[in-house]
Structure formats: C-alpha cells, structure tokens
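Below is one structure, written out as structure tokens; comments come after it.
Numbered from 1 within each chain, the chains take letters A, B, ... in sequence-line order.
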Amino acid sequence: MTGPRVRMAPSPTGFFHVGSARTALFNWLFARQNDGFFILRIEDTDAARNLDDAREGIVTAMAWLGLDFDAGPFLQSELWAEHVASAEALYANGYLYACDCTREQIDERIKGNAKPGYDGFCRDRHVVRSEVTVLRFRVPDEGVTIVPDIVRGDVSFPHDSYEDFIVVRSNGGVLYPLANMVDDRSDAITHIIRGEDLLPTTPKQVMMWEALNHCPEVAFVPHPLYAHLPMLVNEQRKKLSKRKDPVAVESYRDQGYLSSAFVNYLALLGWSPRGDEEIVSRETLVAQFRLEDVSHSPAFFDVKKLTHMNGEYIRALSLDAFIETATPWVAPWSNEWRPSDRAVPWSREQFDVALFAQVAHLVQERVATMGEIPAMVSFFFLDDVPYDDATFDKIIRNDPAAQTLLRSAIERFATVTWTTDVLHEATLALGEPLGMALRKSQAPIRCAVTGTSVGPPLFESMELLGREKVLQRLRDALVRAGA
RNA sequence: GGUCCCAUCGUCUAGUGGCCUAGGACAUCACCCUCUCAAGGUGGAGGCACGGGUUCGAAUCCCGUUGGGACUGCCA
C-alpha cells in the first residue's frame, strides 16, 4: 500500500454535520481514487462533550453516505498516553515551558498592549510544574511558518502573530492541536483534508510537528500535505451554524433525501465535474475528483438545488426501486429503519400495500423528497377525506354550479364503466351543459374525492379508489357543503 | 484590533492571456404540453466588485481599494 493515508476526524456532537459530511466525502474520494487508506477517528478529547451515542451516530451517517473507511472508528481519548508522551518530549527538549499565570493576571498585564494574547511572561522564569501550571509552546519571535496546502498553495504565517499557546492543561490534559497532530503522526497520515476554519491553527501544528521531529527520543515522521476546504456557509455568508442552520445529515435522510443525491450535491460544493452535466455517478466522482481543482471560496448550502437534484434521482429510480425506497415513509412499521419523528397519517390497518404499489407511479414524478409522499396519497388510505377547508369553501361550498355538477356526477358515475378513460370522458360531458371546460369541471370532483385542488391525476386515482368510495365521497361533499 | 483566506449571473460553478458576444446547473419569468399539481420542452432576463498597471490583447498575471469570511479559549 503506497497510496496516500487520509483521515476524517469529527468531534462527537449529537448529529453529523453537513460540513463534516462534505469533508468526509472529499477525503473518501481522494483515498478511493488513489488506492489510499481512509481512517475514521473520533475527536473526543473534551470529556464534557463525550457522548456515547455519538460514535454510533457518526458510523451510521457514514454508512448512509456510503463512505466506507479502512480503519476505525478510533477514539482519540484512547491514545491519551501517546499525547502525554509527546508533550513530555517537547517539554524535555525545551519546546514547552511551564506557566502559572492566571487568566486575570494575563489580562491585567496585557491591557494596554497593541498585541493581544499571552505576553510570554513565564518563558524564562523556570516555573516549577504543579497542578496550577499549564505548558506553553515557545513560539519563535521571528520568522514565519509555511503551511503547504494543495488547495491554496503555500500559506505563510508570521510567528509574531502567535502567542505562546497552551499545549497541556493544568490538569494534564493535552489540547486538541497537539493531540490531533500526534494521532496523525502515529497514523502516518500523508494528506490532511479538512475545513478552512482550521487553517489559522495549522501553523501551531506544523511548528510542533517539526519540533517533535527534532526530539531525539521521538521517531521522525515526514510532514503531511494539507488541503483546506472552503467553508460551507448560510445565506448570510456565515459559517454554517449548528444552532441556526439545518445542518444535521440525519434530518435530510429523514426528510427523504436519497443518499446518492445528497452525495452528488455535496460533491458540487467546492468542486465540479468536467463538462456540463452535474448529475454524475459516484464512479465518475471518484474518477474525476482532484484536490487541486477544489475552489477557494465559500459555498452556500442551497437546499433548493439539493431538493431539485433529489427529485431527479427519485424520477430516475425504477418503479420497483421507488416503491421499496418509499416503504419507510409510507409503512414505517414494516421496516427496520424508519425516519425519526415522522408519523404516517394512516394506521397500519388502513394502509394497503397493493394499492400503494399501483399508486406509486402517479407520485414518483411529483415528489422531490420521499417525505412528501404521505400527504400526496393519504386520501387513498384515509376513511375521512383530509379536506383542506379553504379549498373546499372556494371550490364547492361557495359555488352552486359545482354542487350541481357534483349531483349529476353522482348519478352518472353510478352506472358508468369504471375506467380512467371513461371517467375522463364522463367528466368532460358533465361539464358541457354547465359551460364548464374540463379543467373547471374536474375541480369539484377532485376536491370532493381527494380533499384538495392539487394531487395525482384524478381519473386514475378514481379508478384505483373504486366506485363505492368515490360515490360516497361525492355525496359526503354535498352534505358537508350544506347543499 | 491582529493574522490569514476569499472575490465570475440571486446561488453553485466552467473559465488557467486570444476559442468569451463569458458556458452549464438551481432559482426566477414567459410560452408550449396538460384533468389539478408536478414533470418535460422552448425561450428570456441576469455576472467577471472597483481602480491602477503588465501585455498587441486580460475574467484570466501584478499592485492597491472595497467588500465578505475564518481564526484569535486551560473547545475541538
């Protein structure tokens, strides 16, 4: 295995962030294309945030996205001893020094300073380590650190813009920049592909990586290359916020976005396939993806476009595949997995699998997400028609002509041959004496039968629903209208 | 404030000095199709932030301005 070694290192929050998903995807594409090795590592160093379910959530989301990893998931906390050993090596070789300043003391001291941040007060005080001292990294006073970045080229950071940052907490805990970097060393990571928000802290890691390579007791590890991906932003052009923006991958899955469409859309954020076609297979993604081609500017996560693409993917499904895919949304009780927090409007007894199979083709081309299906077909399964009151008033209650048409429809439909075509012709004929074109005459019937003015083709729906139910609904509508 | 990143239609992007009268996609508008709604088809409107250079020639290279963003924790 001579290919690159990459890793995805999400922190365990309650859900999988779309930004993490995009980062994971780009790592995965890079690894798969180059016969590389992809590692999943969960950054659970901060004990307060450590959640037991988080690991399972991340693994589940990765599986849904179809991003398989070659090793892991590892927990960063399990490598605690190595982090400490690396910190001790840095300390022993003079790269770290102890500091017993409190936040208050520092703030007081630097109040008037032009440059914010720690002032290096303890650099040469040889403070004795204790449970109140932290370990700080001695940042060179002059010079720059260069971050080699595949996306942006070499980025140079002046040392004097960095304070002597804390590496080890007073309680002995090793902070993220070191822990994360030590893990990358032990995993022999060759390419660090992550969000641009990490770019400013990268020089710290580069400095410490180099320092470690200079420690005689530490094995030399060649420096990795970086690829900082452009941020995913909201409409306000701010970094996607987990509080204000819809960023949970799980919620997109629950709403009925297909993972294939989701992945395809994610790939388009900061990258684009060759040619004019944006809907491309996973294989094409793997074949064409280039880190060098990743764009430099932030990308807005546009749900509208995602939704459109999802509709295209749904329509491209075979009818059988569509029915199978739809099952969790229409018959959640029959599946292992079902969308969370999604109640179906009908009961298990009311639902009719065979009928749904016949209805499916009518809705397949009308929905953009699987979650839209129930509302569109509920009138097939519900005993009481789910009337939309405003529509009912407008189309039937306040329209005497519509009521007249309904009466004649009841009479006519009682004897007519029960097929789509005949129903179509009959409705056309019913409207003529009233001076109603078909688009006008079908409206009250549609409203009476389906409860609303929009939906699947009416006459096919009526055929599938059956004569008895249709006639009953027509009569009920008149009663409801008080006519 | 400091450091760094970024800048093509409203949005995602193609474009790597002449193929650009700037291409595609989403959104939007119009028309067609049509039993509603979609889908589909056709067409339209819409962009190189600004100012200087470099060059025979700049969306493309350089500088500056402006604008946006990220980071700046004993979080990750």
*Would you indicate what A:R274 reaches in the nucleic acid, counting non-hydrogen atoms under 4.0 angstrom: base, sugar-phosphate, or nothing?*
nothing

*Can any side-chain N or O of A:R7 pair as donor or acceptor with the backbone N or O of A:I39 at less than 3.5 Å?*
no

_Distance, C1' atom - from B:A59 to B:A22, rounded to whole angstrom_ = 8 Å

*Rounded off to whole Å, could you give me the CD-to-P distance for the A:Q288 and B:U13 pair?*
16 Å

*Which base sits across from B:A14 as a Watson-Crick or G-U pair, both distances under 3.5 Å?*
none

*Considering heavy-atom distances to RNA chain B, does A:F157 or A:V134 have its closest nucleotide positioned more toward the 5' end?*
A:F157

*asked:* Do A:R129 and A:Y91 form a cation-pi contact, if we require the NZ or CZ to be under 6.0 Å from the six-membered ring centre and within 45 degrees of the ring's axis?
replied: yes

*Is there a side-chain contact between A:D183 and A:H83, using heavy atoms and a 4.5 Å cut-off?*
yes

*Separation of A:D149 atom CG from B:C6 atom C1', in whole Å?*
13 Å

*With both distances kept under 3.5 Å, what pairs with B:A39, Watson-Crick or G-U wobble?*
none

_Can you measure A:M309 atom CE to B:C12 atom P for me and round it to whole angstrom units?_
15 Å

*Under 3.5 Å on both distances, the Watson-Crick or G-U partner of B:U66*: B:A7

*Mind checking A:S441 for me? I need base, sugar-phosphate or nothing, with any heavy atom below 4.0 Å counting as a touch.*
nothing

*asked:* What's A:S170 touching, base or sugar-phosphate or nothing? Going by heavy atoms closer than 4.0 Å.
replied: base

*Looking only at side-chain N and O atoms, does A:T201 come under 4.0 Å of OP1 or OP2 in B:C71?*
no

*asked:* Within the 4.0 Å heavy-atom criterion, would you say A:K238 contacts the bases, only the backbone, or no part of the nucleic acid?
replied: sugar-phosphate

*If you pin A:L268 and A:Y162 to their nearest nucleotides in RNA chain B, which one's is more 5'?*
A:Y162

_Basic-acidic side-chain contact under 4.0 Å: A:E196, A:R152_ = yes

*asked:* What's the gap between B:A58 and B:G53 when it is taken at their P atoms, as a whole Å value?
replied: 12 Å

*Taking NZ, NE, NH1 and NH2 as the nitrogens, is one of them in A:R103 or A:D107 under 4.0 Å from a carboxylate oxygen of the other?*
yes

*Reading nucleotides 26-44 of chain B from the 5' end, what letters show protein touch, with B for base, S for backbone sugar-phosphate only, - for no heavy atom under 4.0 Å?*
SS-------BBBBSS----

_Between B:A76 and B:U65, how far apart are the two C1' atoms, rounded to whole Å?_
36 Å

*Look at A:K239 and B:A70 and indicate whether a side-chain polar atom (N or O) is within less than 4.0 Å of OP1 or OP2.*
no

_Which nucleotide, if any, forms a Watson-Crick or G-U wobble pair with B:C61, using both distances under 3.5 Å?_
B:G53

*How close or far is atom C1' of B:C4 from atom CG of A:D154, stated in whole angstroms?*
14 Å

*From B:A70, B:C6, B:G73, nucleotide with atom closest to A:P298 side chain*: B:C6

N/O contacts under 3.5 Å, protein versus nucleotides 58-64 of chain B?
none

_I want to verify a distance call: between B:C6, B:C5, B:C71, whose nearest atom is closest to the A:P200 side chain?_
B:C71

*A:E163 side chain: which of B:G73, B:C4, B:A76 is closest?*
B:G73

*With both distances under 3.5 Å as the test, what is the Watson-Crick or G-U wobble partner of B:U72?*
B:G1

_Let's see if you can work this out: which of B:U11, B:A76, B:C4 has an atom nearest to the side-chain heavy atoms of A:R169?_
B:A76

_Who pairs with B:G46 - Watson-Crick or G-U, where each distance is under 3.5 Å_ = none

*Ignoring hydrogens and geometry, is there a side-chain-to-backbone donor-acceptor pair from A:R136 to A:A98 under 3.5 Å?*
no

*Any pair with a residue in residues 429-445 of chain A that passes salt bridge (Lys or Arg N to Asp or Glu O under 4.0 Å), sequence neighbours left out, goes on the list, sorted by first then second residue, please.*
none

*Donor-acceptor under 3.5 Å (A:S20 side chain, A:F16 main chain)*: no

*Considering every strand shown, what is the Watson-Crick or G-U wobble mate of B:U21 when both distances are under 3.5 Å?*
none

_Separation of B:G10 C1' from A:Q236 CD (nearest whole Å)_ = 14 Å

*Which of the following nucleotides, B:C5, B:U13, B:A76, is nearest to the side chain of A:E196?*
B:C5

*For A:D164 and B:C74, give me the distance from atom CG to atom P, rounded to whole Å.*
13 Å

_Near-ring test A:F69/A:F74, centroid separation under 6.0 angstrom_ = no

_Value in whole Å for how far the C1' atom of B:C71 lies from CZ of A:F165_ = 14 Å

*So what does A:G275 touch, heavy atoms closer than 4.0 Å: a base, only the sugar-phosphate, or nothing?*
nothing

_Candidates A:W271, A:F301, A:Y257, A:Y252 - the one meeting ring-ring contact (aromatic ring centres under 6.0 Å, His included) with A:Y265_ = A:F301

*Would you confirm whether A:Q288, through its side chain, and A:R274, through its main-chain N or O, come within 3.5 Å as a donor-acceptor pair?*
yes

*Give the rounded distance in Å between these two atoms: CE of A:M231 and P of B:U11.*
19 Å

_Separation between the C1' atoms of B:G24 and B:C5, rounded to whole Å_ = 27 Å

*Counting only Watson-Crick or G-U wobble pairs whose two distances fall under 3.5 Å, which nucleotide matches B:U34?*
none

*Okay, side chain of A:D119, backbone of A:I110: is any donor-acceptor separation there less than 3.5 Å?*
no

*In whole Å, what separates the C1' atom of B:C56 from that of B:G51?*
23 Å

